[in-house]
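One structure is given below, encoded as C-alpha cells.
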Amino acid sequence: MPELTFTLPPQYDPHAVEAPLYRRWQERGLFAPRADAEPYVVVIPPPNVTGVLHMGHGLNNTIQDVLIRFERMRGRAAEWLPGTDHAGIATQNVVERLIAKEGKTRFDLGREGFVARVWEFIRGTGPIILEQLRQIGCSCDWDRTRFTFDEHYTHAVREVFVALWEEGLIYRGHRVIHWCPRCLTALSDEEAESRETTGNLYHIKYPLADGSGSVTVATTRPETLLGDTAVVVHPDDPRGRPYLGKQVRLPIVNIPIPVLADESVDKDFGTGFVKVTPAHDPNDFEIGMRHKLEMPLIMTEDGHMGEGDGKTEGRKGESQRVPVELAGLDRFEARKKIVKMLEAQGLLVKVEPHHHAIRRCYRCDTVVEPRLSDQWFVKMKPLAEPVLAAYRRGEFAIVPERWRATFENWMENIRDWNISRQLWWGHRIPVFTCTKCKHRWADRADPQACPNCGGPLEQDPDVLDTWFSSWLWPFATFGWPERTADLARFYPGHTLVTAPEILFFWVARMLMAGYHFMGKKPFSTVYLTGTARDTQHRRMSKSLGNGIDPLDVVKLYGADALRWTLVGSGSLGADVILDPNDLETTFAPGRNFANKLWNIGRFILSQLPTQVTPIERVGRTQLTLADRWILSRAQATIREATASLEQFRLDEAAKTCFAFVWGELADWYVEAVKPRLSAGTEPTGSPSAAAQRAPAAAGDPVASRAAAQAVLSYCLDVALRLLHPVVPFITEELWQKLPGRGADELLPVASWPTTLKDLVNEVAERQFAFFQEGITKTRNVRSDYQIPPRQELIVHFLDATKDSAAGIASEKDTFERIGHLKLRFDPIGSHKGAATILRDGSEIFVVVDGVIDFDKQRNRLRSELSRLDHQIQKLAERLADPKFLSQAPAEIVDREREKERSWRRQHSTVFDRLHSIGG
RNA sequence: GGGCGAAUAGCUCAGCGGUUCAGAGCGCCUGCCUUACACGCAGGAAGUCGGGGGUUCGAAUCCCUCUUCGCCCACCA
C-alpha cells in the first residue's frame with residue numbers, strides 16, 4: 001500500500017504542536033530577514049517592560065504577524081523588530097509600590113539605589129511580555145530586540161535632545177502645566193486625560209474692601225481661592241463697571257485683591273465675575289501675565305494645602321495665604337472645609353451641579369492639579385508642519401482613512417510638548433548649569449567643569465518623558481545616529497500597526513522625528529486597530545476586571561484559535577467585542593475551524609501515496625468536472641485572499657480561505673471524490689459495488705484516482721499556505737506531512753501561492769454550481785418528506801439547460817453516492833414547481849426542475865435590462881450633446897462611446913437570455 | 001462646544017462605487033455517531049437592514065433629519 005503510515009488523532013491538540021514548532025522556526029532562524037530581497041519592515045509598538053500581555057497586544061501583534069508572515073512568504077526580507085519601552089512613570093510606579101511593601105520609599109533608597117532597584121526588577125520582568133508574544137506565534141526578528149533604555153538607544157536620545165537644543169527647539173518654560181500630585185511629576189497635555197464629570201459650581205461672595213457690597217464669583221474649585229490675586233470681569237459687561245478698580249477682600253485669607261477688566265471672560269457663564277488663581281489654572285495664568293499679578297502657589301506638590309514652591313525657580317517667599325486650620329489638608333478635604341467656612345460666614349451664595357471635564361493622570365488616574373512650574377518644552381510647530389504637508393501629499397497613509405480629520409486637526413493645533421518629568425527612572429536630561437557663572441547648556445558628553453569659567457556644575461535633576469525616547473523607535477533601533485547598514489536597509493519602514501489611543505503620543509511624534517532627523521517618512525502606512533471591548537462595549541482593562549488574558553485562551557484553545565478569532569471578528573479598524581464571561585462562545589469558531597482543518601488534512605493525507613504528481617503535470621483530460629471546479633475555485637481563493645491581504649483586509653482574507661476549505665473543499669470536493677479514491681484500491685474486475693459504479697464516466701479508475709490525489713494534494717497545499725499567516729501552527733503541522741516535503745522545508749518561508757491561469761475555468765464553475773443545486777434540492781425533498789437517509793431516491797431531471805445536464809451527468813457517480821439516489825434523465829413534466837414528490841409504493845420519485853428558479857432569474861434579467869436601457873439612454877443624450885462633444889477631451893468622448901457600445905452589446909445578450917427562458 | 005464612528009437574524013459581525021443583496025459564524029429547531037471531523041453532517045426557522053423624509057426606473061447601500069450608544073478633541077472659571 002502506498003498510503004502514508006502515520007496516524008493522526010481525530011482531534012487537533014494545539015498544545016502538543018505549538019511550542020516545538022515555534023522552537024524549530026526560531027532555531028532555523030526563519031524570522032531573520034533574508035539577505036537577498038527587498039525589505040518589508042514593521043517595528044513593534046514596544047510594550048512596557050513591566051507589562052504583561054493583554055488583548056490589545058494580542059490584537060495588534062497578531063495583525064502585525066499576519067502581515068509580516070504574508071510578506072515573508074511573498075519573498076520579501078521581512079523584518080519585524082521587537083522590543084520594550086522603559087515606560088518612565090509606569091515602571092517607576094510599579095517599583096515604588098514594590099518597595100512600599102518593604103515599608104520604604106524611593107527617597108529611602110536614594111536616586112542611584114532606586115534606579116539600580118528598577119534595573120534589577122526589569123531584568124526579571126522585561127523578557128516576560130516578549131516571551132508571551134512567542135506563545136501567540138509572533139515571528140519577530142528576536143536577534144534585533146531593542147529596549148528604549150539600551151546604551152545605544154540612550155545615546156540616540158541624548159543626540160536628539162542636544163540637536164533640538166542647538167536648533168533652538170528646546171526651551172525652558174515657566175507656566176501652568178499638568179501636575180500629578182501622586183506621581184509627583186509634570187505631565188504632557190496628552191498624558192492628562194480629560195474626562196467628563198459632574199461636579200459643583202460654587203457661587204461665592206467676595207465682599208468689597210470698602211464694605212460697600214460684594215461681587216459674586218463662580219468656581220468649580222473653591223479651594224483655589226486661597227491663591228486668588230484678582231477678580232476679573234469682561235470690560236463690556238455693565239455688571240462689572242461699578243466695581244472696576246475697586247478692591248475686594250478675599251474670603252478666609254482676608255487680603256485685598258483688585259477687580260480688573262479682562263476680555264477673556266465669558267459674559268454668559270456663571271456670574272460674569274471670575275476669580276483668578278494664576279498659579280493653579282492655565283487660563284488664570286495668562287490673565288495674571290497680562291495684569292502682572294502675583295502668582296502664589298497654595299498647594300504642595302503632593303496636593304495638600306500649603307506653600308509649595310515646587311519647581312518655581314526664584315519665586316519663593318510669597319505671603320502667607322494658607323491659614324493654619326487648612327494647612328496640610330488634602331485638596332479635596334480642604335474644598336469641603338472651605339465650603340463650610342464660607343457657609344458659616346454667609347459668603348456661599350449657592351451650589352449648583354455642573355458638568356465639566358476634569359483631567360486625570362493617565363498612569364494612576366489621580367486628578368491632575370494645574371500648577372505653575374518650570375519645565376523643558378519642545379517647539380512642535382516646526383516639527384509638525386513637514387509631516388502635515390507630507391500627509392497631504394500622500395507620502396504616507398493612515399488606515400482607516402477616517403482618522404484623517406482627527407490627525408490633521410491635532411497636527412494643525414499642535415502645542416508645545418512638555419518633556420521634563422520629575423522622576424528618577426528615565427533618560428536624564430543632559431542640561432548642565434554652572435553654579436558659579438550660571439552658564440546653562442546641553443551636552444553630548446558629561447562635562448566635568450564649566451567651559452566658560454571652570455566652575456562646578458549641576459545636571460538638571462529631571463528625566464525625559466518616556467515618549468521622548470519612543471518617538472525615535474523606527475530609526476534609533478537600527479543604529480541611528482551612526483550610519484549603520486541596518487539603518488540604510490530598514491529605514492524607511494512600511495507598516496505601523498497600533499492602537500488609535502497612541503496616535504498622538506507616539507505615531508504623530510514618530511512621524512515628526514522621522515522627517516526631522518532622517519528627512520524621510522518612518523513608514524508608509526499607519527494601520528490603526530480597533531479596541532478590545534467586552535459585550536457592554538467597555539474597554540477591556542485591569543481596573544474593570546473585564547479583560548481576557550490571551551494566554552488563558554492559548555491554554556484553552558490554542559494560539560491559532562485566538563488569532564483566528566481576533567483576525568476574523570471585525571473589519572479593518574473596527575473594535576473587537578469579546579465576552580470575558582464566555583470564552584467558549586467567543587473562541588470556539590477558531591478552535592472549530594482548526595479542528596476542521598486538522599481533519600480535512602488528516603483525511604487527505606491518509607489518501608495520498610508517498611509521491612503525488614504535481615498538478616501542473618496531470619493531464620487535463622484526466623480531470624473530472626469536480627476536479628476542474630475545485631482547481632478553479634482554488635485559483636479564485638488565491639487571487640481574492642492575496643488581494644485582501646494587500647489591502648489590509650485580514651478578516652476578508654480569512655473568510656475567503658474559510659469558505660474555500662470548509663464550504664468547498666470539505667463539503668463538496670472531498671465528498672465528490674471519495675468514490676474515485678476507493679475505486680482505485682479495488683483490484684480490477686472485483687465484484688464490489690464501488691468498482692462496478694466507478695468506471696462508468698471516469699474511464700480508467702487508477703488514473704482517475706491519481707488525478708484526484710493530485711488535486712487533493714494541491715488544494716491542501718494551497719490552503720495551508722494561504723492560511724499560514726493567520727493560523728501558523730496547525731498549517732505548519734499539516735504541511736510538514738504532505739508527501740514529498742523535504743526535511744528542511746518550513747512553511748514560514750515557503751512561497752506564497754500564485755494563480756495558475758489555465759486552471760481558471762468558468763464553465764466548470766457554472767456546471768458544478770448546477771450540480772450543487774441539484775443535490776441541495778434533492779436533499780430538501782428528502783428532508784421535507786422525511787425520507788430515511790439510506791433510502792434510495794430516483795431523481796428525474798428535466799433537461800432544462802445544457803449546463804445542468806452536462807454538470808450533473810458528468811458527476812453522476814458522485815451525485816448518486818452523496819444523495820443516496822438513482823439518477824435518470826427524463827424529458828417529462830412541466831417546468832412548474834421546484835420539486836414534486838410522488839409516492840409509488842416503496843419507491844419515491846422526485847422531479848427537480850432543471851435547478852433554475854426561473855421566476856427569480858426572469859426578474860433579475862428584467863431589472864438588468866431596464867437599468868441598461870436607462871443608462872444607454874442617458875449616455876446617448878450625452879453623446880448627442882454638442883457642448884459635451886466640443887468641450888470634453890477626445891479620450892473621454894472615445895471612452896464614453898466605447899462604453900455605449902459595450903452597454904448595447906450587454907443589452908442584447910441579456911435580452912436573448914430573457915427570451916430563451918420565456919420572459 | 002467641535003469632530004468622528006456605530007445602529008443589518010437572539011448574539012458577534014460582513015455587505016455600503018445601485019447588476020450578482022439580504023449574508024457568515026455562534027445560538028435555536030428537525031433528522032443523522034454516513035469508514036476525516038458530533039469541535040461534525042444534512043435540512044430548517046429567524047431580519048419591513050434604528051425612525052422619518054428625499055434623489056432614482058431601482059436604495060442596507062447616496063443625500064437630509066431625528067433617536068440611541070460609543071470614541072476623540074477643546075482653558076469656559
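Naming: A, B, ... by sequence-line order, numbering from 1 per chain. Because the structure is predicted, anything quoted here is derived from the model rather than measured.
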Between A:K655 and A:A218, the residue closer to the 5' end of RNA chain B by nearest nucleotide is A:K655
Touch class at under 4.0 angstrom, heavy-atom based, for A:A357 against every strand present
base
Need one value for A:R649: base, sugar-phosphate or nothing, where a base atom within 4.0 Å counts as base even if backbone is also close, heavy atoms only.
sugar-phosphate
Is A:A666 touching bases, backbone alone, or none of the nucleic acid, heavy atoms closer than 4.0 Å?
base
Taking the P atom of each, how far is B:rU56 from B:rG51, in whole Å?
23 Å
Answer with base, sugar-phosphate or nothing: what part of the nucleic acid does A:R591 contact at a heavy-atom distance below 4.0 Å?
base
Out of B:rA77, B:rG40, B:rC37, whichever nucleotide has its closest atom nearest the side chain of A:H354
B:rA77
Hey, is the side chain of A:K267 poking within less than 4.0 Å of OP1 or OP2 on B:rC76, counting only N and O atoms?
no
Among B:rC4, B:rC37, B:rA74, which nucleotide sits nearest the side chain of A:R402?
B:rC4
What's A:R195 touching, base or sugar-phosphate or nothing? Going by heavy atoms closer than 4.0 Å.
nothing
Less than 4.5 Å apart, side chain to side chain, heavy atoms only: is that true for A:H203 and A:V351?
no
Within a reach of under 6.0 Å around CD of A:E762, are more than 12 heavy atoms found that belong to other residues, nucleotides or ligands?
no
Separation of B:rG1 P from A:D268 CG (nearest whole Å):
14 Å
Using a 4.5 Å cut-off on heavy atoms from C-beta on, say whether the side chain of A:L578 contacts that of A:M540.
yes
Under-4.0 Å side-chain N/O to phosphate OP1/OP2 contact, A:K674 with B:rA36
yes
Between A:R359 and B:rC75, is there a side-chain N or O to OP1/OP2 distance below 4.0 Å?
yes
For B:rU12, does either OP1 or OP2 sit under 4.0 Å from a side-chain N or O belonging to A:R533?
no
Checking A:L605, A:I600, A:I604, A:I630 against A:L712 for side chain to side chain contact (heavy atoms under 4.5 Å, CB included), the one that qualifies is A:I604
Under 4.0 Å between a side-chain N or O of A:N592 and OP1 or OP2 of B:rG40?
yes
Which label fits A:W564 and A:F593: parallel for a plane angle under 30°, tilted from 30 to 60°, or perpendicular past 60°?
parallel
Does any N or O donor sit under 3.5 Å from an N or O acceptor when you compare the side chain of A:E671 with the base of B:rA42?
no
Please work out if A:W564 contacts a base, only the sugar-phosphate, or nothing of the nucleic acid, heavy-atom cut-off 4.0 Å.
nothing
Of B:rC26, B:rC39, B:rC41, the nucleotide closest to the side chain of A:T585 is B:rC26
Dot-bracket, 5' to 3', for RNA chain B please: Watson-Crick or G-U pairs under 3.5 Å, [ ] where pairs cross earlier ones, | where the partner sits on another strand, dots elsewhere.
((((((((.[[[[.).......]]]].(((((.......))))).....(((((.......))))))))))))....
Run the salt-bridge test on A:E664 and A:R633 with the 4.0 Å N-O cut-off and return the result as yes or no.
yes
On RNA chain B, check which nucleotide each of A:L201 and A:Q11 is closest to and give me the residue with the more 5' one.
A:Q11
Under 4.0 Å from OP1 or OP2 of B:rA36: is there any side-chain N or O of A:W662 that close?
no
In terms of ring plane angle, is the pair A:Y362 and A:F505 parallel, tilted or perpendicular, where the classes change at 30° and 60°?
parallel
Given A:V231, which of A:D262, A:V248, A:L260 fulfils the side chain to side chain contact (heavy atoms under 4.5 Å, CB included) condition?
A:V248
Please state whether the phosphate of B:rA74, meaning OP1 or OP2, lies under 4.0 angstrom from any side-chain nitrogen or oxygen of A:R415.
yes
Checking contacts here: which listed nucleotide (B:rG25, B:rC72, B:rG3) is nearest the side-chain heavy atoms of A:F658?
B:rG25
Pick base, sugar-phosphate or nothing for A:V276, based on heavy-atom distances below 4.0 Å to the nucleic acid.
nothing
Taking only the side-chain heavy atoms of A:D266 (C-beta and beyond), determine which of B:rC37, B:rC76, B:rC73 contains the nearest atom.
B:rC76
